[in-house]
Visitor: 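First the structure, which I've put down as structure tokens, then a few questions once you've had a look.
Chain letters run A, B, ... following the sequence lines, proteins first, then strands; residues in each count from 1.
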Amino acid sequence: MDYLKGLNERQREAVLHGEGPLLILAGAGSGKTRVLTYRIAHLIEERGIFPGNILAITFTNKAANEMKERIGRLLDGDVDNLWMGTFHSVCVRILRRDIDKIGYERGFSIYDRDDQVTLIKECINEMNLDRDYYRESSVLGTISHLKDKLIAPDTYINENYSNLYARNLGKLYALYQKKLKQYNALDFDDLIIKTVELFRSAPEVIDYYQRKFQYIFVDEFQDTNKSQYELIRALTGKYKNICVVGDPDQSIYGWRGADITNILNFEKDFKDTTTILLEQNYRSTKNILNVANHIIKNNMERKDKELWTDNEEGNQVIVEKLLDDKVEAEFVANKIEELVDEGYSLNDMAILYRTNAQSRSFEDALRRRNINYKLVGGVKFYDRKEIKDIVAYLRLIQNPSDDISLKRIINVPRRGIGKSTLEKIEKMAQEKDESMYSVLMEISHIKGISTRAKNSISAFVEMMSNLMAMSEIMSIDDFINHVVHKIGYMEELEKEGTIEAQSRLENIKEFISVAVDFVVDNPEGSLEDFLSSISLLSDVDKTEDIENSVTMLTVHSAKGLEFPVVFLVGMEEGLFPIARALEKDSDLEEERRLCYVAVTRAEELLYITYTQMRTIYGRTSYSQPSRFIEEIPEELIDSSTVHRRKVDLRSPFINVVDYTRDEGLKPKDTASTKVDGGDMDVGTKVSHKKWGQGTVVQMKDKGNDKEIVIAFDTVGLKRLLLSLAPIEIIK
DNA sequence: GCCCTCTTGTTCGAT
DNA sequence: ACAAGAGGGC
């Protein structure tokens, strides 16, 4: 095969490896995607393996599609039968076929985070527990961790019997699972563990898949949890042709149960494993790689390893100190414009941050300059109320046991089925051990409900049963269009006539066009398939491809991606590393790995920025540069001081951008010049340590402090905090 | 049942 | 800073 020529020796060895377990420890940018695609292509073309006998698990659906496409191009052949997708999508595919063998129905609903919260609230209320003490998020967190580790509710209850709080958590977990089953619903964790359960309890099923999947691949193996590991173990029971690719230094999902020992102990669990190290980096300049190496080597819990590259030296990394988040965003936006002038495309650039909340100031700055951007994780299209409502209708149609969906939409739009009626029905359903929908179907025989409500309910049931019948015969896109009209949702919004209603209408139309696309791509796909596909999309998958645009995303989402120019922003103690990670060494090391991931996304240019003050939850506080910056040797940093000011006339108050690397504005520097707010008002003349004379033009209360805007004679408008500003009143 | 005000949590990361 | 939820008044 020609393409072997382009590979280095290690890569070639991995591609050509025959049978038996294969562990590829692939450093960042070492060409692992290439190895994976070539190896799969090689298996099909040279070893005559049928694509349907290969399973490859990737981290996002996008990665799966891209890889599939590449393999298709290499082979110039049909790869449709190749099983490729995320753990979750592969499991759904398996479960849709055989979940009835473990007591669920095949039309099961998939519950997202919101549904989980609704459900756990139900459980907490039912057990009469204090919601201040048993917080939804932390209860769900505990449940999720137990599930990741395949610990059943009973086991947990027994192990913690003497601890009331833990025992109650266990009972909540048990009740939560019971309800999921009643509603014929699975949460994300269930998708994995129910597949494992299916394999354990139905030998013919596991036997089928063990025979089918002669070769199995798992990418990003360092981020698998125990249940995913067990799934893989079960599937490889027969052939042991398991190839995993990972990098312990890029393990960043410990908080959701990823177990790094999966990769560290792989050789013990799978006998006769061949291990291949890929340490040559093809992605980044020497300087960038050096920075990454210097940061990661501070981790103690780590096998020594150092990536190297033949790429050129490249520019030094630029580290910029900026006043606050607005100035930081202005700096990045300016830089982007400069780089475009130098010939870079917007597609080449990405802004990486630790938390999603940081995106806002960058959005503002880019929008002001008409720079296109795409925000990964920001488009909450599927989280919009109207979309969730329509999805709830569709779910109920496909799965009438789904009480959560039923309760969401039974009175949306309003049909006069109120809270008290619903409570009665819910109670009735519980007593009869039936779904609420089946109670609704027998509503005429039920006492204690007004005729009026009964009529509304009968109309609702009739409408739904018509829709259920139609769902069998219509195409998905036509059907959804039919549903949104029949249920009166469109009508309701049209009547409303507000701008908000208008945008909801447009979103629904957009949703229908998503369905049209789905039908085009999956002519054989069912409604269930459509619903699962939308609930399993990752943020990266969901991001609209906007031509010629800067990408903005969290470091977590950036895993597996690369960009010629990376802006790593908000590099401050307490933000990156995040405050909550400072207490535990292991958490701090995960932050450091995350930083390593961030740095290694960059190919040519890396900008690292941090601010001197940052506002979180509306409170401004002083920040210190991240320890990870301190870990970079001086000689790798471009230390040329930039002194520039630009005035943006379009925006009166945030217009003055100051890029100076001054050391001022620290609390201790300013203590001696602190001004008492009482003496100051609009019109007061002041003198600033650095900016000279100016006049106060605006004053605003800010907690215990005051925010003042001063028009300086030389530098224009500045926003300052009274308690901190190094200013004096001129009498 | 609905509207208003006040309080509270949120944002660490995500399938 | 802001949204969602609680609680009170109509």
Side-chain angles (χ1 to χ4, degrees), chain A residues 57-64 85-92 110-118 121 131-132 135-138 140-141 144 147-148 186-193 220 223-225 227-228 250-258 325 352-361 364 376-378 380 382-383 385 411 414 416-421 532-543 553-560 570 572 574-584 587-588 590-591 593-595 597-598 614-620 700 702-703 707:
Chain A
I57 291 171
T58 54
F59 209 68
T60 62
N61 294 297
K62 201 177 174 198
T86 61
F87 268 105
H88 293 90
S89 65
V90 166
C91 285
V92 167
I110 299 170
Y111 279 0
D112 66 13
R113 183 73 195 186
D114 277 4
D115 302 316
Q116 287 184 290
V117 170
T118 312
K121 266 187 206 162
R131 266 178 61 193
D132 285 338
R135 286 280 157 91
E136 288 108 38
S137 57
S138 82
L140 284 174
S144 181
K147 286 185 171 188
D148 287 344
L186 277 71
D187 66 15
F188 287 127
D189 300 319
D190 277 349
L191 295 177
I192 315 292
I193 65 175
E220 305 285 3
D223 286 325
T224 51
N225 61 34
S227 62
Q228 291 165 335
Q250 294 185 65
S251 164
I252 56 174
Y253 283 98
W255 51 274
R256 64 172 202 203
D325 61 328
L352 269 59
Y353 34 78
R354 179 62 179 82
T355 69
N356 279 310
Q358 284 164 263
S359 71
R360 190 145 170 201
S361 44
D364 290 345
V376 176
K380 297 284 184 229
Y382 293 96
D383 288 344
K385 182 187 178 297
N411 207 27
R414 295 212 162 83
I417 305 172
K419 204 174 154 193
S420 56
T421 310
S532 353
S533 80
I534 59 172
S535 50
L536 297 179
L537 292 177
S538 71
D539 283 341
V540 173
D541 295 329
K542 278 184 251 184
T543 305
L553 73 181
T554 63
V555 183
H556 280 94
S557 291
K559 187 170 82 154
E572 294 136 35
L575 187 59
F576 199 172
I578 201 109
R580 286 149 84 161
L582 299 177
E583 292 152 28
K584 243 169 82 186
D587 287 349
L588 184 64
E590 183 153 313
E591 291 292 302
R593 290 193 293 271
L594 191 59
C595 182
V597 168
R614 186 167 291 276
T615 309
I616 299 171
Y617 300 143
R619 294 214 158 273
T620 304
K700 238 183 355 193
K702 218 159 191 184
E707 183 188 278

Visitor: Would you please name every residue forming a side-chain hydrogen bond (donor to acceptor under 3.5 Å, both in side chains) with D541(A), sequence neighbours left out?
Guide: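 D541(A) satisfies side-chain hydrogen bond (donor to acceptor under 3.5 Å, both in side chains) with N61(A), S538(A) once adjacent residues are dropped.
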Visitor: In whole angstroms, how far is the P atom of dT15(B) from the CD1 atom of I57(A)?
Guide: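 Interatomic distance, CD1 of I57(A) to P of dT15(B): 16 Å.
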Visitor: Could you work out, with ring-ring contact (aromatic ring centres under 6.0 Å, His included) as the rule, every residue matching Y253(A), not counting sequence neighbours?
Guide: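 For Y253(A), the residues satisfying ring-ring contact (aromatic ring centres under 6.0 Å, His included) (neighbours in sequence not counted) are F59(A), W255(A), H556(A).
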Visitor: How many Å lie between CH2 on W255(A) and P on dA14(B), as a whole number?
Guide: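 To the nearest whole Å, that distance equals 6 Å.
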Visitor: Starting at atom CD of E220(A), determine the distance to atom C1' of dT15(B), rounded to an integer number of angstrom.
Guide: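 Nearest whole value for this atom pair: 14 Å.
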Visitor: Could you tell me whether the phosphate oxygens of dA6(C), OP1 or OP2, come under 4.0 Å of any side-chain nitrogen or oxygen in R131(A)?
Guide: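 Checking R131(A) against dA6(C): at least one side-chain N or O falls below 4.0 Å of OP1 or OP2.
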Visitor: Is there any protein nitrogen or oxygen under 3.5 Å from a nitrogen or oxygen in nucleotides 9-11 of chain B, and what are the pairs?
Guide:
from, atom 1, to, atom 2, distance (Å)
dG9(B), OP1, R135(A), NH2, 3.1

Visitor: Measure from the side chain of R360(A), starting at C-beta and using heavy atoms only, and say which of dT15(B), dC2(C), dG13(B) lies closest.
Guide: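 It is dC2(C).
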Visitor: At 4.0 Å (heavy atoms only), tell me whether F59(A) reaches a base, stays on the sugar-phosphate, or touches nothing.
Guide: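 Counting heavy atoms under 4.0 Å across all strands, no contact is made by F59(A).
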Visitor: Can you name the residues that form a side-chain hydrogen bond (donor to acceptor under 3.5 Å, both in side chains) with D187(A), not counting sequence neighbours?
Guide: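 Only Q116(A), K147(A), Y176(A) meet the side-chain hydrogen bond (donor to acceptor under 3.5 Å, both in side chains) criterion with D187(A).
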Visitor: Let me know the distance between CD of E136(A) and C1' of dT8(B), rounded to the nearest Å.
Guide: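 Value for this atom pair: 13 Å.
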Visitor: Any base atoms under 4.0 Å from S535(A), or only sugar-phosphate, or nothing? Heavy atoms, all strands.
Guide: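 Counting heavy atoms under 4.0 Å across all strands, no contact is made by S535(A).
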Visitor: Starting from P on dT15(B), measure out to CG on D383(A) and report it in whole angstrom.
Guide: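 That distance rounds to 11 Å.
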Visitor: Map R414(A) and T60(A) onto DNA chain B by nearest heavy atom, then report which one ends up closer to the 5' terminus.
Guide: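 Mapping each residue to its closest nucleotide by heavy atoms, the 5'-most match is R414(A).
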Visitor: Does the side chain of S144(A) come under 3.5 Å of the side chain of D189(A) through a donor N or O and an acceptor N or O?
Guide: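 Looking only at side-chain atoms, D189(A) and S144(A) do form a donor-acceptor pair, the distance falling under 3.5 Å.
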Visitor: For T554(A) and S557(A), which I'm curious about, is there any donor-acceptor pair between the side chains at under 3.5 Å?
Guide: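 A donor-acceptor contact under 3.5 Å links the two side chains.
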Visitor: Write down the distance between CG (D148(A)) and P (dT15(B)), rounded to a whole number of angstrom.
Guide: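 It works out to 14 Å between those atoms.
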Visitor: Checking S533(A) now: which residues fulfil side-chain hydrogen bond (donor to acceptor under 3.5 Å, both in side chains) with it, not counting sequence neighbours?
Guide: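 Applying side-chain hydrogen bond (donor to acceptor under 3.5 Å, both in side chains) to S533(A) gives none.
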Visitor: Compare side-chain N and O positions of S557(A) against OP1 and OP2 of dA14(B) and report whether any pair is under 4.0 Å apart.
Guide: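 Answer is yes, contact under 4.0 Å.
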Visitor: Run the side-chain hydrogen bond (donor to acceptor under 3.5 Å, both in side chains) test against D114(A) and tell me which residues pass, sequence neighbours left out.
Guide: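 side-chain hydrogen bond (donor to acceptor under 3.5 Å, both in side chains) list for D114(A), sorted by chain: K388(A).
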Visitor: For dT15(B), take OP1 and OP2 only and decide whether either is under 4.0 Å from a side-chain N or O of N225(A).
Guide: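 Negative; the distance criterion is not met.
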Visitor: Rounded off to whole Å, could you give me the CG-to-P distance for the L536(A) and dA14(B) pair?
Guide: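 Distance, rounded to whole Å: 16 Å.
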Visitor: Between dG5(C), dG13(B), dT15(B), which one does the side chain of R354(A) approach most closely?
Guide: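 Ranking dG5(C), dG13(B), dT15(B) by closest atom to the R354(A) side chain puts dG13(B) first.
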Visitor: Please figure out whether I578(A) or S89(A) has its closest DNA chain B nucleotide nearer the 5' end.
Guide: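 Counting from the 5' end, the first nearest nucleotide belongs to I578(A).
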Visitor: Distance check needed: dT15(B) P versus D189(A) CG, whole Å only.
Guide: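 In whole Å, dT15(B) P and D189(A) CG are 13 Å from each other.
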